[in-house]
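This is a predicted model, so every value here is computed, not measured.
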Amino acid sequence: MIKEIQPNDHVMDPSLNVFFTHNDLKKGKKLPIYFSSKDPSTSPHILSREEVNSIPFSSSQLTHLIDFFAFSEDSPQAKAMEYTLTQCELAPLKGEARFCATSLESMLDSTIDIFKSKIGMKVLSTTHLVKPSLDLQNYTIIEEPTEIFAEKMIGCHTMPYPYAVYYCHGQEKKNVRLFEILLEGENGGNVKAIGACHMDTSQWDHNHVSFKVLKMKPGSSPVCHFFPEDNLVWVLL
């Protein structure tokens with residue numbers, strides 16, 4: 001949800017096919033959706049809080065971090081690290097809670113701090129009931145989507161980094177609606193997906209990639225997206 005349009009984006013990245021509109025949420029609707037089929041074991045490892053506390057996590061330490069992980073300064077890995085650190089240091093929008101978690105312990109602590117409670121807390125994620133054979137294909141919504149009524153929610157997205165880093169954010173409940181959506185792939189695959197609809201996008205950067213995909217402007221209409229399988233959604237029920 002935080003990738004911006006680059007000047008040389010002449011052909012849309014297939015992985016951006018995760019956005020849809022609130023009006024698409026109905027049984028029988030067909031949508032092109034990207035769900036990665038990559039092996040989870042190839043993803044960056046989750047480190048313990050003790051391990052990550054010994055490694056700086058700041059853009060001011062980028063040169064040191066590039067050396068620490070033995071990357072060259074102009075490598076894709078170094079640029080990805082810079083991107084993640086920059087995103088993690090952005091100030092939150094009005095009414096938004098935002099943090100980056102470098103360990104599961106810090107994610108849990110920060111979420112509890114925002115929720116002000118751990119009673120009724122639950123974590124949700126998209127589940128592949130039958131693994132798809134293609135990353136990008138047409139999916140049909142085969143049941144009426146079920147809205148998940150939560151008092152508060154925090155969505156945590158994986159970020160490109162040498163170890164697992166999650167960009168987590170949540171807004172006031174009135175600005176976000178959460179859904180469980182059962183999908184069937186045209187070429188195989190069944191997915192129980194978690195989707196979120198951001199009802200007010202008036203504060204979003206006009207270059208936000210969702211506006212390019214959906215051909216709309218900030219504040220003109222709700223923007224919805226599916227969560228990939230490796231993302232986590234914390235809710236307070």
Side-chain angles (χ1 to χ4, degrees), residues 1-4 15-16 18-19 35-36 40 43-53 55-59 65 80-127 148-180 193-201 203-205 208-210 222-237:
M1 282 295 295
I2 52 177
K3 183 175 178 182
E4 294 185 355
S15 68
L16 297 180
V18 294
F19 299 103
F35 287 116
S36 175
S43 300
H45 295 300
I46 298 174
L47 302 184
S48 69
R49 173 151 46 193
E50 184 179 8
E51 289 175 299
V52 297
N53 282 350
I55 307 170
F57 189 77
S58 168
S59 59
L65 287 166
M81 287 174 64
E82 181 179 20
Y83 169 78
T84 293
L85 291 168
T86 301
Q87 292 292 332
C88 286
E89 291 170 358
L90 291 174
L93 301 174
K94 183 181 178 182
E96 180 189 46
R98 180 187 292 182
F99 64 90
C100 279
T102 53
S103 68
L104 290 180
E105 297 100 321
S106 67
M107 183 192 300
L108 185 59
D109 285 350
S110 296
T111 302
I112 291 172
D113 186 55
I114 291 167
F115 285 176
K116 309 298 182 189
S117 172
K118 58 182 176 182
I119 299 172
M121 246 178 70
K122 186 177 180 181
V123 64
L124 308 172
S125 63
T126 290
T127 306
I148 300 167
F149 294 97
E151 291 183 31
K152 297 180 180 179
M153 69 154 283
I154 297 286
C156 293
H157 312 272
T158 52
M159 298 293 283
Y161 210 71
Y163 56 85
V165 171
Y166 289 85
Y167 172 96
C168 303
H169 65 128
Q171 292 179 309
E172 298 172 1
K173 179 65 181 75
K174 64 180 180 180
N175 288 335
V176 184
R177 295 176 67 184
L178 200 61
F179 296 88
E180 185 178 270
I194 303 298
C197 289
H198 298 262
M199 308 308 290
D200 181 8
T201 60
Q203 292 188 68
W204 289 21
D205 189 320
H208 195 288
V209 70
S210 62
V223 168
C224 306
H225 67 93
F226 292 105
F227 285 92
E229 190 178 22
D230 59 0
N231 286 199
L232 300 173
V233 185
W234 294 89
V235 293
L236 187 66
L237 301 175

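- Below 30°, between 30° and 60°, or above 60°: for Tyr167 and His169 the angle between ring planes is between 30° and 60°, a tilted geometry.
- Aromatic ring pairs are classed by plane angle as parallel below 30°, tilted from 30° to 60° and perpendicular above 60°; the pair His198 and Trp204 is perpendicular.
- Between the CG atom of Asp109 and the CG atom of Asp113 there is a distance of 8.5 Å, given to the nearest 0.5 Å.
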- Which is it for Tyr161 and Thr102 under the side-chain contact (heavy atoms from CB on, under 4.5 Å) test, yes or no, and what are the steps along the way? CA-CA 10 Å; Tyr161 210 71; Thr102 53; over 6 Å; no
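- Looking at Ile154 and Tyr166, their side chains never come closer than 4.5 Å, going by heavy atoms from C-beta outward.
- By the side-chain hydrogen bond (donor to acceptor under 3.5 Å, both in side chains) test, Glu89 pairs with Ser59, sequence neighbours left out.
- Heavy-atom minimum distance, Pro44 versus Ala164: CB-N, 3.7 Å.
- The aromatic rings of Tyr163 and Phe57 sit tilted, their planes meeting at an angle between 30° and 60°.
- Between Leu232 and Met107 the shortest heavy-atom distance is CD1-SD, 3.9 Å.
- For the cysteine pair Cys156 and Cys168, the distance separating the two SG atoms is below 2.5 Å.
- Under the salt bridge (charged side-chain N to carboxylate O under 4.0 Å, His left out) criterion, Asp200 pairs with no residue at all, not counting sequence neighbours.
- Distance check: Thr127 OG1 to Glu180 CD gives 8.0 Å after rounding to the nearest 0.5 Å.
- A donor-acceptor pair under 3.5 Å links the side-chain atoms of Thr126 to the main chain of Ile194, judged by distance alone.
- The backbone N or O of Leu104 lies less than 3.5 Å from no partner atom in the side chain of Arg49, so there is not a single donor-acceptor pair.
- Side-chain contact between Glu151 and Phe115 is absent, with no heavy-atom pair separated by less than 4.5 Å.
- No side-chain heavy atom of Ser36 sits under 4.5 Å from any side-chain heavy atom of Glu229.
- Annotation for Leu65 and Ser58: closest pair CD1-O, 3.9 Å, computed over non-hydrogen atoms.
- For the residue pair Val235 and Ala150, the shortest heavy atom distance occurs at CB-CB, 3.8 Å.
- Here the straight-line distance linking atom CG of Leu90 with atom CZ of Arg98 works out to 5.5 Å at 0.5 Å rounding.
- With values rounded to the nearest 0.5 angstrom, His225 atom NE2 is found 5.0 Å from His157 atom NE2.
- Side-chain contact between Glu105 and Glu50 is absent, with no heavy-atom pair separated by less than 4.5 Å.
- Smallest separation of non-hydrogen atoms from Met153 and Leu178: SD-CD1, 3.9 Å.
- Counting all heavy atoms, side chain and backbone alike, Val176 lies closest to Ala196 at CG1-CB, 4.2 Å.
- Within the 4.5 Å cutoff, no side-chain heavy atoms of His208 are placed close to those of Thr201.
- Rounded to the nearest 0.5 angstrom, Cys197 SG and Phe19 CZ are separated by 12.0 Å.
- In this structure, the side chains of Val123 and Thr111 stay at 4.5 Å or more apart for every pair of heavy atoms.
- Note: Asn231 CG to Ser125 OG = 9.0 Å, rounded to the nearest 0.5 Å.
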